[in-house]
Structure formats: C-alpha cells, structure tokens
2 protein chains.
Amino acid sequence: MFEISQKLPRPVVYRLPQYLTHVRELRQDGLEWISSHKLADDLGLTSSTVRQDLSKLHMHGVSKRGYRIVQLEKALSDVLGAGRVHNAVIVGAGYLGTALALHGGLAEQGFKICGIFDSDPELMGAAVGSLRVQSMETLDYVVGTKCKAEIGIIAVPASSAQSVADLLIDAGVRGLLNLAYTRILVPPGVALMDARIIANLQQLAYVIRNRNGKPAVSSTGKSSGNRKKHPASNNLPGGIKRDIKI
Amino acid sequence: MFEISQKLPRPVVYRLPQYLTHVRELRQDGLEWISSHKLADDLGLTSSTVRQDLSKLHMHGVSKRGYRIVQLEKALSDVLGAGRVHNAVIVGAGYLGTALALHGGLAEQGFKICGIFDSDPELMGAAVGSLRVQSMETLDYVVGTKCKAEIGIIAVPASSAQSVADLLIDAGVRGLLNLAYTRILVPPGVALMDARIIANLQQLAYVIRNRNGKPAVSSTGKSSGNRKKHPASNNLPGGIKRDIKI
DNA sequence: TTTGAATTGTTAAAAATTTAACGTTAAATA
DNA sequence: TATTTAACGTTAAATTTTTAACAATTCAAA
C-alpha cells in the first residue's frame, strides 16, 4: 500500500477527480499510455502542472511514452478511495436530497447512501428508491451503529443546515457535504465541502456580466466547431473557466 | 452605476457569494456595521483578506466602525447581479434536473428557470412544477427567442453532457452550469462552472482518509460545543475546510 | 550502433494570492 | 479639546501555486 508522504496541496486534490475520470475514459478507449502533454491538453492544464501533480502521487512515467494508464488509474483510484465503498447518509428528503439518493452516479462512484432523514412528520416512511425516509431521532443509531456512515450530506434549507451539521457530527460522521446555501462551521477533525450550486450560479452571473470577450454565437449563425480544445483556458478551483481573466 | 475597473481575481469572485449571504444575515439581524475582523472571523478568513477584497469593490469602511452593512450588501448584490433576474434553462429532466427546477433557492436568488428539456420521449410534457418537459427540438427557440436564457444548466448523464453543452451554446446561452460528472469544453466567451458534487465527495473521501487530526467525537460522549468558530480554518476554492493542511 | 526526437523529473523562476505591518483616520471619552 | 483606540487602506513581505526550462532518459529508426 503506497503512502502519500506529504499531504497534497489543495489544488492538487481538486484536480485528482478530473484526472481520474479522464484516465478512466482513456482506458475505456483502449489507450495504454498518456503523456503529460496530452493529458494537460485534454484537461486544460499545462504539462508542467500535470507532471508536478503526478510526481506527488509517486507516479513515474517513461520517456517517449508518458504514463501507463492502468497504473495511473490505480494510483488515482487509491488515493481518492474509489474502489472502496463509502457509506453516507442524507439529511433532508426534499427535492435535492431525494434526487441525490436516487442519483445513479453516486453509487457508481462508491458512495452508498444508507439512510435518508427528515424532520417533517409528513415524509416519515416515504419511499426513496429502496430506502425510506426516517426520523431524525434514528440518525444517531444509523450513522453510529447500523451503517457506520463516514459522510453526511446536508440537503436541508439554509436555516437548519448548521444544526443538522451538528447532529451529524455528534452522530459520528467524519466529513460533510453541504448543499445548503449557507456557511456551516465544523470543529477541527471534521472535513467539510460546500457544493455551492447557487453560489456557482451567482459567480456565473458575474462572469457573464463582466466578460470582455465576444459572444460565443455570431449573429449570423451557429458556432459549432469553434469549440474542440481550449488550451489557454485556466481551470482552477472555483471552477470558472475562460480564456480571459475575470 | 459603479464599474469594477479591474476584473476581479478568481478567489475574490469565489468569496463574493459568501460575503453576500453573510452580510444579508447580518442585516436581517438588525446590525448596521461590521468590521473586517468580525467578518473575517465569521467567514474563516483573515481581516486582511477581507479588506483587500472589499477595497476591490470600492467599498470604504470607516475607522472605529467598519463597513456599513446595507452598503456592503448593495455592492455585493450589484456585482453578483442579485436583484436582477437571470433566465436559465435546464437540460435533463431526471432527478437532479427536476430537483433544481423545483428548488426554491434558485428562484429566491433570482435564477428563473424558464424551461426544462429532455430527449426522452417518455418524459415529454411531464409536469415539473409549473413547467412541462419539452423536447430538445424546442431548445433553440426557447433559449434564443422566447425567454432569452443566459444560463444553461446541464443535468444529463456524463456521456451526453458535451453534446448538450454544444446545443446550449449554439442556442445562445452565455454561461453553463455543469452538474454532470465529466469535463466539458467550451469556446472562449462562454463561461463554465462545474458543480462537481461527486468530485466533492471524492475529495471528501480523500481528506477523511488522510487526516491526521483526532476524530471529532470522543468515545465518551457528544462533541457539541467544541464547534463555534474555527478561525484557523483555511477556506479556499475547492471547498475543503480544515485546520490542518491536507 | 549511432542519431534523433519525444517525454520525463526536477530545479528554478514567475505569477498569483494571502498575510502581516503600519501609518492614518475617525469616533469615543475624559 | 486632547487623548486614546479601534479599524481602515495600503504597501510590502511571505507563501502558495503555476509555469518555464533543461538535463537525463528511453525508444525508434536509420
């Protein structure tokens, strides 16, 4: 089992899932080798960044070929814990919580939803896929004992997000995914990720309103074909990708 | 009308929605002034960062008081285009697309969903709130003419995300929110934000697995109360917030 | 076998971002 | 009114992250 000696810098962790999905595709396409240049091109990075990142994972390429794709996939998969199953619970059986519980993608990537909870008595026992909505009182037992969930997904309104987070932490989850449009605070030792869907839309609105480039579609017709690669696009945490500075 | 002379650095844009939501809460709490120190504390930043950021928005505080909250809210609201209505369409009437269409938070923040589309004939005409699922053939007309949507939300499986993006761009949207677990390419002039829900979970799994802190909950009891502020927590794009380096 | 070219791994430079420092300003108080 | 002090605005330092550069290496082909 390889140990990543140094904790990875945040931007690297951010890029890992991108590498993983892309490398998977490459493998499915039957490719065997990929160079840092090609990978960088495909992902909108520089080859330098790719090499730096992969070297942090102790990946070694070979001159004139690049990196072995299966090996890359294995390393990325390992470090991200893909392959393992991660138990998670969802709090909030509204539209979003339900959608996530039913979303095939999560299960596909090894995130097993083993419980969905809500405080609304109306929803108690309602079927969500193979699960049933449970009361908040059972959260503790389910997270701590029954399915030992490491991850809690918060899909409640902003106003109750913090208290739900507290309950999840007390129940024993080690990481939270926050889908509510509010900041929540966690003690050290608990990891938190904000999904920021609404914030993303707001940032998008800012970028759209303040761009200085030309519209993508000319007034005379379709734009298909001017796509296909955007090498200069800077692809950073925050997720805004444009050729020009924002 | 104020003009932000310089385009804002990406990390600043990332923080703007955080400022906005927090400042709104403060105003609702009846506060009138907020200092950079308090704001930084509440948001897990340094006061220096806050002052730098706000100065980029041409906000001026006053000594011994801080920043006027209503003014702050106005500036943030303006720059993020809150207050304005942004028309958006959703492609993909699966769980996630439907959930977003029905999600109150979007409308609340001024994002008006004016169409939801799917290629599945089974879904045609199905009701989603006050909307009905439309065929992809009508996308062009709706986006371009009927509701002049600036934003396209991609809620389809990864395999068709790119082609949907192309259609949306051709139809004339200026920004995309990608909820699919895949990278999509856009031409210059179109803004792209990735929602990365699954990637976030993967990053969470990495952080959980590689943390070196103590578990949040001691074996002897509940942990409530060791929360409440986490000043050292570094809060960066990528969204992982922990006291220790990852 | 030698040459040539592509690609790595790594070092160092550059750029971006965050943080600290501190003189200046404005309010509160004596 | 003078003094004190909290807080700003800004300059500069520190840190982090990205990019460039290049010697070393490996394969392919002449």
Side-chain angles (χ1 to χ4, degrees), chain A residues 5-16 18-19 31-69 71-72 75 231-238 240-246, chain B residues 5-16 18-19 31-69 71-72 75 231-238 240-241 244-246:
Chain A
S5 53
Q6 207 97 27
K7 297 269 177 273
L8 298 172
R10 202 180 310 267
V12 179
V13 177
Y14 178 89
R15 286 189 288 268
L16 292 182
Q18 297 186 34
Y19 289 129
L31 278 276
E32 195 175 348
W33 297 90
I34 180 80
S35 75
S36 62
H37 294 273
K38 180 67 166 53
L39 196 45
D41 243 42
D42 293 350
L43 262 51
L45 309 167
T46 67
S47 64
S48 215
T49 300
V50 170
R51 288 199 298 281
Q52 299 262 22
D53 287 355
L54 297 188
S55 112
K56 291 207 172 68
L57 300 183
H58 308 307
M59 292 302 305
H60 291 276
V62 325
S63 298
K64 205 69 173 172
R65 301 212 144 162
Y67 300 85
R68 191 180 284 276
I69 284 172
Q71 193 185 352
L72 244 178
S233 139
N234 28 26
N235 151 0
L236 285 165
I240 304 170
K241 301 184 188 71
R242 308 199 54 212
D243 285 347
I244 52 180
K245 297 283 171 195
I246 58 170
Chain B
S5 52
Q6 205 97 28
K7 298 268 178 275
L8 298 171
R10 198 180 312 264
V12 179
V13 177
Y14 177 89
R15 286 189 289 267
L16 292 182
Q18 296 186 35
Y19 289 129
L31 278 276
E32 195 175 348
W33 298 90
I34 180 82
S35 74
S36 61
H37 294 274
K38 180 68 167 54
L39 196 45
D41 242 41
D42 293 350
L43 263 52
L45 308 167
T46 67
S47 63
S48 214
T49 300
V50 170
R51 288 199 299 281
Q52 298 264 21
D53 287 354
L54 297 188
S55 114
K56 292 209 172 68
L57 300 182
H58 307 308
M59 293 304 303
H60 291 276
V62 326
S63 296
K64 203 82 160 147
R65 301 215 144 160
Y67 300 86
R68 192 180 282 278
I69 285 173
Q71 192 186 352
L72 245 177
S233 141
N234 29 26
N235 150 0
L236 286 163
I240 304 171
K241 300 185 189 69
I244 52 179
K245 299 280 173 197
I246 59 170

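Labels below follow one simple rule: chain letters A, B, ... track the order of the sequence lines, proteins then strands, and each chain is numbered from 1. Just so it is clear, the structure is predicted and the values come from calculations on it, not from any experiment.
The side chain to side chain donor-acceptor pair (under 3.5 Å) check on A/Y19 picks up A/D53, with sequence neighbours excluded. A/A40 pairs by the side-chain contact (heavy atoms from CB on, under 4.5 Å) definition with A/L45, A/S47, A/V50, not counting sequence neighbours. Legend: residues meeting side-chain contact (heavy atoms from CB on, under 4.5 Å) with B/T46, ordered by chain and number and at least two apart, are B/S48, B/T49. For the side chain to side chain donor-acceptor pair (under 3.5 Å) test, no residue two or more places apart in sequence or in another chain qualifies with B/Q71. Partners of B/S35 under the side chain to side chain donor-acceptor pair (under 3.5 Å) rule, at least two apart in sequence or in another chain, do not exist in this structure. Applying the side-chain contact (heavy atoms from CB on, under 4.5 Å) criterion to B/R65, with sequence neighbours excluded, gives B/W33, B/V62.
Taking atom CD of A/E32 as the reference point, atom C1' of D/dC27 lies 14 Å away to the nearest angstrom. Note: CZ (A/R10) to C1' (D/dT18) measures 17 Å, nearest angstrom. If you measure from atom CD1 of A/I69 to atom C1' of C/dT7, you get 15 Å, rounded to the nearest angstrom. When the C1' atom of C/dA16 is taken as reference, atom OH of B/Y14 falls 17 Å away, rounded to whole Å. Across the protein-nucleic acid pair, B/L45 atom CG and C/dT17 atom C1' stand 13 Å apart, rounded to whole Å. Between A/L57 atom CG and C/dT10 atom P the separation is 14 Å, expressed in whole Å. Following rounding to the nearest Å, B/K7 (NZ) and C/dA16 (P) show an atom-to-atom distance of 16 Å. Atom CG in A/D53 sits about 14 Å away from atom C1' in D/dT16, given to the nearest Å.
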Evaluate the side-chain contact (heavy atoms from CB on, under 4.5 Å) criterion for residues A/H37 and A/R51: first the C-alpha distance (whole Å), next the side-chain angles of each, then the deciding distance (0.1 Å), finally the verdict. CA-CA 9 Å; A/H37 294 273; A/R51 288 199 298 281; 4.0 Å; yes
Evaluate the side-chain contact (heavy atoms from CB on, under 4.5 Å) criterion for residues B/R15 and B/V12: first the C-alpha distance (whole Å), next the side-chain angles of each, then the deciding distance (0.1 Å), finally the verdict. CA-CA 5 Å; B/R15 286 189 289 267; B/V12 179; 3.9 Å; yes
Given A/L57 and A/L72, is the side-chain contact (heavy atoms from CB on, under 4.5 Å) satisfied, shown in steps? CA-CA 9 Å; A/L57 300 183; A/L72 244 178; 5.7 Å; no
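Closest to the B/R15 side chain, of the nucleotides D/dT17, C/dT18, D/dT19, is C/dT18.
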So what does the secondary structure string of DNA chain C come out as, 5' to 3', with Watson-Crick or wobble pairs under 3.5 angstrom, [ ] for crossing and | for pairs with another strand? ||||||||||||||||||||||||||||||
How does protein reach along nucleotides 4-11 of chain D, written 5' to 3' as B (base within reach of a heavy atom under 4.0 Å), S (only sugar-phosphate), or - (no contact)? -BBBSBBB
